[in-house]
Structure formats: structure tokens, C-alpha cells
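Report on the structure given below.
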Amino acid sequence: MKIHMFYLLFVLFTLAHGLNPKCETQDRGSNLQVFHIYSPCSPFRPSKPLSWEEDVLQMLAKDQARLQYLSSLVAKKSVVPIASGRQIVQSPTYIVRANVGTPPQTLLMAMDTSNDAAWIPCTGCIGCSSTVFDNANSTTFQTLGCQAPQCKQVPNPSCDATGNTCMFNLTYGGSTIAANLSQDTFTLATDSVPSYTFGCLQKTTGNSVPPQGLLGLGRGPLSLLSQTQDLYQSTFSYCLPNFRSLNFSGSLRLGPVGQPLKIKYTPLLKNPRRPSLYFVNLIGIRVGSKVVDIPPSAIAFNSTTGAGTIIDSGTVFTRLVEPAYVAVRDEFRRRVKVANVTSLGGFDTCYDVPIVAPTLTLMFAGMNVTLPQDNLLIHSTAGSITCLAMASAPDNVNSVLNVIANMQQQNHRILFDVPNSRLGVARELCT
């Protein structure tokens with residue numbers, strides 16, 4: 001009886017002090033908890049809760065900058081970011097816990113499937129957040145020199161006067177970063193990866209840099225997959241929690257062990273212009289029972305132009321090139337049968353009365369994914385406004401890229417099986 005009473009008092013004490021016990025849960029095996037940046041477990045959530053409308057507009061503005069960034073990757077040229085009227089953090093939406101160095105220092109790093117190299121803010125970084133990696137106090141930290149083979153794998157490498165430090169700089173979203181190429185021990189859940197190569201940030205500008213660093217889950221030479229090939233066999237999956245869920249914790253599962261057996265697959269395609277991105281073959285979209293009329297060229301994979309469809313963990317709302325989006329939107333409106341259509345920010349199909357929405361199915365080669373209502377619609381807190389949670393690609397970018405974004409992936413297990421060049425999708429309640 002005393003034990004039960006003590007436990008009850010402990011629970012009441014933790015709740016009274018605003019602690020969410022799940023935030024303190026340690027990662028186990030090769031499974032990492034995934035938190036949304038607005039999660040109660042995240043230090044990056046706004047200090048004052050945003051209204052629903054502000055929240056949506058902020059995510060749309062963030063998406064706009066990211067879409068320009070992704071389009072610049074495909075075009076292999078930099079694109080001037082859209083200026084936003086508000087100072088917002090435009091970093092990816094989901095974060096995982098990593099322990100870096102010896103003794104370990106914990107950082108909450110953004111996970112990004114469209115980037116390769118990891119980078120973290122280091123002591124003395126100009127323009128970085130207040131939480132940095134104290135590399136001077138890690139006994140396993142080392143800086144790589146210009147003769148290191150990894151120096152040839154980073155963008156825009158340069159050398160210091162001595163040749164002992166390989167430096168690089170790149171554009172990320174609306175930001176630029178400068179980093180020293182370094183190595184240290186990364187511990188993910190209970191897996192230790194010695195001599196992991198990453199960028200030790202020295203300077204950042206703009207507001208797109210994830211405050212405590214980025215973990216690249218692309219398939220280039222410096223990505224997590226490439227550096228842990230023996231450990232994880234270039235295989236991982238994630239399940240992203242719905243950002244309206246109170247329990248905000250999903251999972252990142254590294255390696256082939258424990259991946260779902262019942263799962264549908266579509267081939268992964270490789271674009272030589274941007275080999276890191278995860279291209280898939282989207283062959284059609286069905287709204288209700290009708291496959292909408294999309295010009296084949298709007299969704300066709302084209303390695304010359306960089307056109308096609310990618311799966312991306314950092315964009316929030318799916319964007320389709322204009323002919324594809326218009327076809328989907330018009331059929332959606334026709335089936336909803338409500339005359340008064342309003343807009344909100346970049347969403348042009350919103351309703352201020354209750355609606356019955358049709359199903360929407362993304363048709364990939366070898367696999368169909370029918371989106372539940374939670375992945376298709378966003379509702380205001382009061383329930384007075386409902387919007388179709390997709391939009392057309394921005395006019396002022398290289399609009400050849402369709403992006404299947406994280407809202408449409410939430411509560412699905414997304415499996416990246418690179419050795420077998422396939423992507424799997426299965427329904428799973430992540431929260």
C-alpha cells in the first residue's frame with residue numbers, strides 16, 4: 001500500500017512541476033524517440049502558444065523557404081529565399097536525441113531525409129543558438145585536415161593556412177553556414193558510432209539553421225546511412241506523430257531489425273543531379289473513386305530536369321506542381337459540394353461549414369496509399385475552418401518537384417530500404 005501511495009505522490013509531484021515523464025524516457029536499442037518541434041518535450045516550442053491561424057501561417061512560410069531550398073538542390077544552383085515578414089525558425093519539423101563526444105553531450109538534432117552531412121553548433125560559433133557542443137571538453141574530438149578523403153565530399157571545401165583544418169560552407173534554406181570538418185563519437189539510442197564525420201559550425205546567418213544541429217538521413221557519402229553501413233545496412237524507418245497529438249512522440253528505427261513485415265513497397269529512384277534525395281514514381285492521384293486527369297509530364301520522373309516526386313521529412317504540407325494540384329483540388333471541391341470556398345494563407349480550399357471530404361489516394365508504382373482524414377485536412381481549434389492540407393508548388397521556384405510532406409506521412413511507418421532500392425509504407429499509430 002505504501003509503495004502505491006509513494007508512486008501516486010511521485011506522479012502528482014512530476015505533473016505539478018510540469019514534467020512530462022515521456023520526455024525523460026531513454027532511447028533503447030536502435031530506436032530513437034522523434035519529437036515535433038512544438039512538442040512539450042522540445043525546447044524550441046514558442047514561448048507563447050500561437051493561435052491556430054498563426055501556427056498554420058508560420059508552417060506555410062517555413063515550407064515556402066524549404067521548397068525553394070529543395071528546388072535549388074534539384075537544379076544544382078542556389079535560389080534566393082523568399083523573404084518572410086516574420087522571424088521564424090525554418091528548420092525541419094522533427095527532432096531526435098543524439099549524444100556527441102566523450103563524455104557525451106546531449107543535443108536535439110533535426111532529422112532531415114534530404115540532406116547528408118550532420119552538423120552541430122560548436123563552442124565559439126557566431127550566430128548559433130545558446131546550446132552548443134563543447135568540443136574542447138570531448139576527449140575523442142578531432143578536426144580533419146585537407147588531405148582527409150572526406151574533405152572532397154563536402155560542398156565548397158577550403159583549407160586554413162596550415163592545411164590542418166578542412167572548412168566548408170553551404171546554403172541551407174534561408175541560411176548560410178560555415179563549418180570545420182570534424183570527427184567524434186556519436187551515440188544514437190544505445191549504439192555508439194566512433195569517428196563520425198560532421199561539420200562543427202563556426203558561423204551561421206539567417207534563421208533556417210536547426211538550433212542544436214542536423215542529422216542528415218539522405219544517401220550521400222557523409223550521411224548517417226553511409227557512415228553506419230556495417231551497423232544499420234543503409235536501412236531505417238520513421239513514424240511521425242501527428243502535430244495535434246498531445247503525446248508528440250514518434251520513433252526513428254535504425255537498421256533492418258524490427259522493421260515491419262507487412263508493408264507495401266514502391267521502387268526508390270535515383271536522380272544523378274541530386275543522388276541524395278529519395279525520389280519515387282508517383283503515377284496518379286485518385287480523389288474518391290476517380291483518378292484525376294493529370295498531364296503525365298507533370299508527375300513524370302526526369303533525371304535530366306530533376307522533375308519528379310520526392311519523400312521529404314522536413315516539408316510540412318504536400319506540394320504538387322500546378323497542373324497536378326489544380327486537377328486534385330478541382331475534383332476535391334466538386335465532391336465536397338459546398339459552394340462557398342475560402343482561403344487561408346497558401347491554402348485555397350477552405351470551408352467554414354462542416355464538410356464530408358472524399359478519400360484521396362496517392363498512386364505509386366506498385367503501391368497505393370489512401371490518406372486518412374487526419375492526413376488530408378487541417379481543422380481550426382474551434383473546428384470552424386477546415387482546409388485541404390495541400391498546395392500548389394510556389395510560382396517563383398523551379399516548379400518541377402512534387403514533395404510528399406510530413407503531414408501526409410504522419411501515423412505511417414515510412415521504411416527506407418536503400419540496398420533493395422525501395423520505400424515501404426504501412427499504417428501505424430505513432431503516438
Side-chain angles (χ1 to χ4, degrees), residues 70 73-74 111-114 217-220 223 225 232-240 250 252-256 258-287 289-292 294-303 305-315 317-321 324-325 327-328 359-372 375-376 390 393 400-428 430:
L70 291 172
L73 295 183
V74 168
M111 50 178 264
D112 191 344
T113 55
S114 296
L217 296 173
R219 42 182 170 172
S223 70
L225 267 66
Y232 299 133
Q233 280 102 68
S234 298
T235 303
F236 72 96
S237 73
Y238 56 67
C239 198
L240 303 176
L252 171 64
R253 190 173 294 154
L254 300 169
Q259 301 296 358
L261 299 175
K262 288 189 174 179
I263 191 164
K264 296 180 289 187
Y265 288 102
T266 187
L268 278 173
L269 307 176
K270 205 157 190 178
N271 186 330
R273 291 173 68 91
R274 188 62 188 180
S276 301
L277 298 178
Y278 292 104
F279 279 86
V280 288
N281 190 7
L282 180 68
I283 56 176
I285 300 176
R286 192 166 62 222
V287 179
S289 58
K290 182 180 178 183
V291 178
V292 297
I294 299 172
S297 60
I299 54 176
F301 175 70
N302 186 321
S303 58
T305 62
T309 301
I310 65 166
I311 302 283
D312 180 51
S313 64
T315 309
F317 303 109
T318 288
R319 299 292 185 117
L320 301 172
V321 296
Y325 175 70
V328 169
T359 58
L360 189 144
T361 301
L362 300 171
M363 304 166 69
F364 300 100
M367 172 182 82
N368 288 348
V369 178
T370 298
L371 297 176
N375 298 71
L376 190 59
M390 292 183 176
V400 296
L401 200 60
N402 299 289
V403 180
I404 308 300
N406 65 45
M407 182 177 171
Q408 281 63 50
Q409 298 175 46
Q410 289 166 9
N411 286 325
H412 289 81
R413 175 67 54 183
I414 312 293
L415 172 58
F416 296 79
D417 180 359
V418 174
N420 294 304
S421 293
R422 58 185 187 171
L423 177 118
V425 180
R427 285 284 288 147
E428 183 179 318
C430 306

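Summarising the geometry of L277 relative to R219, their closest heavy-atom pair is O-NH2, 3.0 Å, with the distance given to 0.1 Å. For the pair I263 and R413, the tightest heavy-atom approach, listed with the atom from each and the gap, is CD1-O, 4.2 Å. When every heavy atom of Q409 is checked against every heavy atom of D312, the shortest pair comes out as NE2-O, 2.9 Å. Between C430 and N411, the shortest heavy-atom distance links the atoms N-OD1, 2.9 Å. Closest approach of K262 to A426, counting heavy atoms only: O-CB, 3.8 Å. For the pair V425 and H412, the tightest heavy-atom approach, listed with the atom from each and the gap, is CG1-CD2, 3.8 Å.
In terms of the ring pair (Phe, Tyr, Trp, His ring centres under 6.0 Å) criterion, residue partners of F301 (sequence neighbours excluded) are, by chain and number, F279.
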| field | side chain to side chain contact (heavy atoms under 4.5 Å, CB included) between I310 and S114, intermediate numbers included | value | CA-CA 9 Å; I310 65 166; S114 296; 4.3 Å; yes
| Checking side chain to side chain contact (heavy atoms under 4.5 Å, CB included) for the pair I294/L320: CA distance, chi angles, key distance, verdict? | CA-CA 11 Å; I294 299 172; L320 301 172; over 6 Å; no
| Under the side chain to side chain contact (heavy atoms under 4.5 Å, CB included) criterion, do I311 and T113 qualify, and how do the steps go? | CA-CA 8 Å; I311 302 283; T113 55; 5.8 Å; no
| Are V418 and F236 close enough, and set up right, to give a side chain to side chain contact (heavy atoms under 4.5 Å, CB included), and what steps lead you there? | CA-CA 9 Å; V418 174; F236 72 96; 5.6 Å; no
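Between the CZ atom in R286 and the OG1 atom in T370 there is a gap of 5.5 Å [rounded to 0.5 Å]. Remark: Q410 CD to N375 CG distance equals 6.5 Å, nearest 0.5 Å. Residue I283 holds its CD1 atom at 7.5 Å from OG1 of T266, rounded to the nearest 0.5 Å. S303 contributes atom OG, which lies 15.5 Å from atom CZ of R274 (distance to the nearest 0.5 angstrom). One distance of note links OG of S237 with CD1 of I414; it measures 9.0 Å at 0.5 Å rounding. Between I285 atom CD1 and K290 atom NZ the span is 13.5 Å, to the nearest 0.5 Å.
Formation of a donor-acceptor pair under 3.5 Å by the N271 side chain with backbone atoms of R273 is found in this model. When atom types are taken as modelled, the side chain of N406 and the backbone of S313 share a donor-acceptor pair closer than 3.5 angstrom.
A heavy-atom distance below 4.5 Å is found between the side chains of T235 and L415. Contact check for P267 versus S421: no side-chain heavy atoms found under the 4.5 Å cut-off.
T361 and N368 are not linked by any side-chain donor-acceptor pair at a separation below 3.5 angstrom, with hydrogens and angles left out of the test.
Aromatic ring pairs are classed by plane angle as parallel below 30°, tilted from 30° to 60° and perpendicular above 60°; the pair Y238 and F416 is tilted.
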